[in-house]
Amino acid sequence: MEKIKPEDYSAIVIFTGAGMSAESGIPTYRGKGGIWQEYDWQQYACQLAFDLDPKKVLAFHELRRKSVLDCQPHAGHEFISSLERSHAQVTIVTQNIDGMHQRAGSHNVIELHGSLWRLRCPSHGKREDIGGTFESYRCEYCQAWLRPDITWFEDPIDQEVFFQAEQAIGQAELFVSIGTSGNVWPAAGLAELAGQSGCFCVEVNPELSGMSGLYDQVFQEPASKLSELFI
Ligand code: APR
C-alpha cells in the first residue's frame with residue numbers, strides 16, 4: 001500500500017474519533033468495551049438527564065476526567081503534533097473531548113463536540129476552564145449549574161465550530177480520518193464533504209467503518225502506527 005507524502009499536499013485535515021485515543025486507554029463509545037455499553041447515555045449524556053439530576057451527571061463527567069488524566073498520548077498523537085510542526089498547514093478536527101491532541105502538543109485543534117475540560121452556563125454562555133479558572137459548579141451570575149461544555153445526545157452541534165471545520169476541509173487537499181465509526185452526524189458528513197471538495201481521502205481504522213467506501217485509500221491499522229503510513 002502506497003505511503004502518504006505530506007509535502008504533496010498544501011493543506012491537510014486530520015479528522016479523529018474515539019479510536020484515536022483507544023490505545024491511550026480511553027474507551028471508545030461503540031463496540032466492545034464502549035462507554036455506551038456500560039453507561040446509558042439517557043442517564044448521563046443529555047440535557048434532560050442533567051436537568052433531572054445535575055449532581056449525578058457532573059459526577060459521571062468528573063470520573064471521566066480522572067480516567068483521562070491517568071492516560072497518556074501515544075505515538076499516533078505525537079506523530080500528528082510533529083506533522084503540525086513540520087508542515088505549513090495542518091488542522092486537526094476532532095470529535096474527541098479528551099484533550100489528548102493538545103496534551104501531545106497540537107495547537108490547531110477544532111473540537112467538534114466540545115471539551116471535557118470546560119463547563120458552561122446555559123444562560124450566560126460563560127465558559128469555565130476547569131484547569132485554569134474553575135472554582136464552582138455554579139454560575140457566578142445566576143447560580144445555575146454549569147454543565148460540561150460538550151455536545152451531548154440531542155444537543156445541536158456548535159454551528160460556529162462546525163463551520164470552522166468545513167472551512168478547513170474546503171481548503172485541504174488531504175483528509176485523513178482516524179478511529180471513527182462514522183455513525184454520528186453531522187460530524188460523519190465531513191468525510192463526504194472532503195471527497196466532494198477534492199481532497200485525497202484516507203481512512204485509518206483497524207476495522208472497516210460504514211464510511212470506508214468513501215475513502216480513496218483505507219489503512220486497516222491502529223492509530224499508534226500512523227507514522228508508518230507516512231513517508
Ligand atoms: N486505532 C484506530 N481506530 C480504532 C482503534 C485504534 N486503535 N480502536 C478502535 N478504533 C475504531 C473502531 O473500529 C471504531 O470504528 O474507532 C472507532 C470508534 O467509533 P466510536 O466509538 O463510534 O467513536 P466515534 O466515531 O468517535 O463516535 C462519535 O459519538 O457518542 C459519541 O460524541 C461521541 O464524539 C463521539 C461520537
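The analysis underlying the following values was restricted to heavy atoms, covering all of them including side chains, and did not include hydrogens, waters or symmetry mates. Counting starts at 1 for both ligands and their atoms, in listed order. Starting from 1, each residue takes its place in the sequence as its number. Values in this document were obtained by computation on a predicted structure and should not be read as measured data.
- Taking the six-membered ring for Trp and thresholds of 30 and 60 degrees, Tyr137 and Phe134 have ring planes more than 60 degrees apart, a perpendicular arrangement.
- Phe50 and Trp152 have tilted rings, their planes meeting at an angle from 30° to 60° on a 0 to 90° scale.
- In this structure, Tyr9 and Phe200 have parallel ring planes: the angle between them is below the 30° cut-off, well short of the 60° mark.
- Counting all heavy atoms, side chain and backbone alike, His87 lies closest to Pro6 at NE2-O, 3.2 Å.
- Note: Tyr215 and Phe175 have parallel aromatic rings, judged against thresholds of 30 and 60 degrees for the angle between ring planes.
- Sorted by chain and number, the residues within 4.0 Å of ligand 1 by heavy atom are Gly17, Ala18, Gly19, Ala22, Glu23, Thr28, Tyr29, Arg30, Trp36, Gln95, His113, Phe153, Gly179, Thr180, Ser181, Val184, Asn205, Pro206, Glu207, Pro222, Ala223.
- In this structure, Ile14 is a member of the same hydrophobic cluster as Met20, with clusters built from ILVMFWY side-chain heavy atoms closer than 4.5 Å.
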